[in-house]
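Contents: one structure, followed by commentary.
Just so you know, residue 1 is the first one in the sequence shown, and it goes up from there. Just so you know, these numbers come straight off a predicted model, no measurement behind them.
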Amino acid sequence: MQSTSVKNVIKAMVGNHAVAYAVMQARPQVLAVYPITPQTTMLEKLSEYVDSGKLKARMIRVESEHSAMASIFGAALSGARVFTATASQGLLYMTEMIYWVGGQRVPLVAAVATRAIASPWSILDDHQDFMSKRDAIWVQMMAENVQEAYDLTLQAFKISEDRNVLLPVMIGFDGFILTHTMERVEVLDDETVNSFIPPREFNLIDFADPVGIGQVANPDDYIFFRHEAKKAMERAKIVIEAVGKEFQSVANRKYGLIDCYLCDDADYLVISMGAWTGDARVAVSRVREKGIKAGLVKITTFRPFPKEKVKDIVRKARGVIVMDRAFSYGSGGILAQEVKSACYGLDVPVYSVVGGLGGKDVRPVHIEKVIEEAHANGLEDERWLI
């Protein structure tokens with residue numbers, strides 16, 4: 001039952017506009033976004049908010065995605081709350097600055113409207129771009145639907161600026177599937193968001209005693225900084241769970257590292273991330289009606305990877321089916337690799353099902369068939385849906 005203290009307002013919004021609305025409510029002071037499909041309409045909506053005065057921020061018109069990240073990098077170092085967004089080739093163009101921001105542990109938020117990487121050229125969805133930044137020292141979270149795209153964006157600012165974390169946060173949401181799909185979204189009122197995300201009241205540099213940023217480090221210092229980043233990423237697990245509980249208290253929607261559906265007695269677990277989690281949930285419900293005890297584990301937080309929680313849930317299963325929308329060539333499905341690593345030591349087969357690359361349609365019936373095959377005969381270690 002929804003708390004009477006929650007002041008939710010119902011809106012019909014596409015994913016790009018839902019993220020832009022959350023950003024507007026989070027009150028960043030500096031934005032720098034270079035347009036790229038399928039993110040562009042988010043930039044346009046943010047520009048409207050700035051032009052109308054609803055968002056009092058500086059919108060920097062840059063000439064590239066590299067410059068966009070460089071601009072907000074400097075602004076965030078000086079104490080501003082900042083935001084940017086991109087997709088696919090644009091995220092690749094940002095890569096140098098992505099690593100600078102992660103290595104310097106700068107609190108900022110970036111939204112990635114996931115899109116396939118060339119070549120061949122595609123403007124449609126998969127997770128290859130998002131997954132390519134898994135080692136860049138960023139917290140990475142992925143939305144299942146438009147509501148989650150809004151909710152996770154709000155939480156991202158709070159997580160990033162937590163003094164126990166101080167890491168950039170990347171919110172992924174599926175290109176076109178979510179960016180351009182209109183859904184019913186419950187948005188919080190501005191007063192509630194202002195209370196949930198208070199103003200940023202600290203800088204990373206002291207203007208009374210200025211220092212240089214990003215100097216060369218000797219090996220002893222370099223490995224020390226990297227070890228501190230490792231510890232911050234581990235602490236981020238605790239903070240993400242805590243922020244999720246706090247968000248639940250104001251929005252009545254539960255968040256954390258993972259989410260489970262019918263997992264308690266499941267013989268077969270489907271593990272997925274992103275928009276096709278909804279399709280997987282439908283497939284799990286359908287095979288349950290056929291007598292197959294299946295469950296679903298949704299990965300909300302990809303970095304830090306919730307390996308302890310995954311291992312604890314998987315240990316009682318007869319088999320695990322990991323839905324991969326990104327692939328490490330010469331190795332395997334990326335999410336499946338994470339799950340296999342987390343489940344080391346367990347006698348549970350983990351199957352990687354690769355699909356949806358370049359926007360290839362995957363429906364509940366495809367996932368349903370895979371579950372049935374795993375139940376009947378097991379699966380090959382790696383299955384491509386082509």
[X] and [Y]: which non-hydrogen atoms are nearest, and at how many Å?
X	Y	answer
Pro199	Arg81	C-NH2, 3.8 Å
Cys260	Val297	SG-CG2, 4.3 Å
Asn164	Val239	CB-CG2, 4.2 Å

Are [X] and [Y] packed together at the side-chain level, in the sense that at least one heavy-atom pair is separated by less than 4.5 angstrom?
X	Y	value
Asp151	Tyr255	yes
Phe247	Leu154	yes
Met13	Val187	yes
Val146	His17	no
Gln25	Leu55	no
Lys360	Leu357	no
Leu31	Ile60	no
Thr179	Pro38	yes

Check whether [X] reaches the backbone of [Y] with its side chain - one donor and one acceptor, N or O, closer than 3.5 Å.
X	Y	answer
Arg383	Glu380	no
Glu148	Glu144	yes
Thr277	Lys298	no
Ser88	Ala116	yes
Asn145	Leu178	no

- Query: Who else is in the cluster with Tyr268 when I, L, V, M, F, W and Y are joined by side-chain contacts under 4.5 Å?
  - Reply: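 Direct or chained contacts put Tyr268 with Tyr261, Leu262, Val270, Trp276, Val284, Val287, Ile292, Leu296, Ile321, Met323, Tyr351, Val353, Val362, Ile367, Val370, Ile371, Leu379, Leu385.
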- Phe224: hydrophobic cluster co-members (side-chain, 4.5 Å):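 Members other than Phe224 - counting any ILVMFWY side chain reachable under 4.5 Å - are Phe225.
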Let me check something: any side-chain donor-acceptor pairs from residues 68-77 under 3.5 Å, sequence neighbours excluded? List them with distances.
residue	atom	partner	partner atom	Å
Ser71	OG	Ser67	O	2.7

- Task: Test salt bridge (Lys or Arg N to Asp or Glu O under 4.0 Å) on Asp347 and Arg315 and set out the steps.
- Result: CA-CA 8 Å; Asp347 187 21; Arg315 66 175 63 252; over 6 Å; no
Would [X] and [Y] pass as an ion pair if we require N to O under 4.0 Å?
X	Y	answer
Glu228	Arg235	no
Glu234	Lys237	yes
Asp221	Arg226	no
Lys307	Asp312	no
Arg286	Glu368	yes
Lys11	Glu186	no
Asp279	Arg281	no

- Item | Pairs where residues 56-70 contributes a residue and the test salt bridge (charged side-chain N to carboxylate O under 4.0 Å, His left out) is met, not counting sequence neighbours |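 The answer is none; no pair qualifies.
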- Item | Derivation and outcome, side-chain contact (heavy atoms from CB on, under 4.5 Å), residues Lys316 and Val348 | CA-CA 8 Å; Lys316 296 180 181 179; Val348 180; over 6 Å; no
- Given salt bridge (Lys or Arg N to Asp or Glu O under 4.0 Å), test Lys54 with Glu48 step by step and report yes or no. CA-CA 8 Å; Lys54 291 182 179 179; Glu48 289 177 17; over 6 Å; no
- Query: Has Ile223 got more than 12 heavy atoms of other residues, nucleotides or ligands less than 6.0 Å from its CD1?
  - Reply: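 For Ile223, atom CD1 is not crowded (no more than 12 foreign heavy atoms under 6.0 Å).
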- Neighbour count >12 (heavy atoms, 6.0 Å) for atom CG, Asp264: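 Open: at most 12 neighbouring heavy atoms sit under 6.0 Å from CG of Asp264.
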- Task: Enumerate the residue pairs fulfilling ring-ring contact (aromatic ring centres under 6.0 Å, His included) with a member in residues 173-194, sequence neighbours excluded, ordered by first and then second residue.
- Result: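 For residues 173-194: Phe176-His180.
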- Query: Checking salt bridge (Lys or Arg N to Asp or Glu O under 4.0 Å) for the pair Asp259/Lys309: CA distance, chi angles, key distance, verdict?
  - Reply: CA-CA 10 Å; Asp259 187 56; Lys309 289 184 175 291; over 6 Å; no
- Worked verdict on Leu152 versus Thr300 for side-chain contact (heavy atoms from CB on, under 4.5 Å): CA-CA 9 Å; Leu152 290 176; Thr300 302; 4.1 Å; yes
- Please name all residues satisfying side-chain contact (heavy atoms from CB on, under 4.5 Å) with Thr114, sequence neighbours left out, ordered by chain then number.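 If we apply the side-chain contact (heavy atoms from CB on, under 4.5 Å) test to Thr114, skipping adjacent residues, the hits are Val112, Asp125, His127, Asp129, Phe130, Met142, Asp174.
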Supply the atom-to-atom distance [X] [atom1] to [Y] [atom2], rounded to the nearest 0.5 angstrom.
X	Y	atom1	atom2	answer
Arg184	Ile10	CZ	CD1	3.5 Å
Ile137	Arg105	CD1	CZ	9.0 Å
Asp267	Arg318	CG	CZ	5.0 Å
Lys369	Arg363	NZ	CZ	15.5 Å
Ile313	Ile258	CD1	CD1	3.0 Å
Tyr34	Tyr93	OH	OH	8.5 Å

- Side-chain donor-acceptor contact under 3.5 Å, Thr301 with Gln140: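 Looking only at side-chain atoms, Gln140 and Thr301 do not form any donor-acceptor pair under 3.5 Å.
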- Message: Ignoring hydrogens and geometry beyond distance, is a side-chain donor-acceptor pair present between Asn377 and Glu373 at under 3.5 Å?
- Response: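 Absent: no donor and acceptor within the cut-off.
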- Message: Classify the ring geometry of Phe327 against Trp384: parallel below 30°, tilted from 30° to 60°, perpendicular beyond 60°.
- Response: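 Taking Trp384 first and then Phe327, their aromatic rings stand perpendicular (interplane angle over 60°).
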- Look at the rings of Phe157 and Phe83 and say which category their plane angle falls in: under 30° parallel, 30 to 60° tilted, over 60° perpendicular.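 Plane angle between 30° and 60°, so tilted.
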- After noting the C-alpha distance and the side-chain angles of Arg115 and Gln128, does the key distance pass the side-chain contact (heavy atoms from CB on, under 4.5 Å) rule? CA-CA 7 Å; Arg115 179 186 128 186; Gln128 203 77 37; over 6 Å; no
- Task: Start with the C-alpha gap between Phe302 and Glu338, add the side-chain angles, then the distance that decides, and say whether side-chain contact (heavy atoms from CB on, under 4.5 Å) holds.
- Result: CA-CA 9 Å; Phe302 179 65; Glu338 300 288 342; 3.8 Å; yes
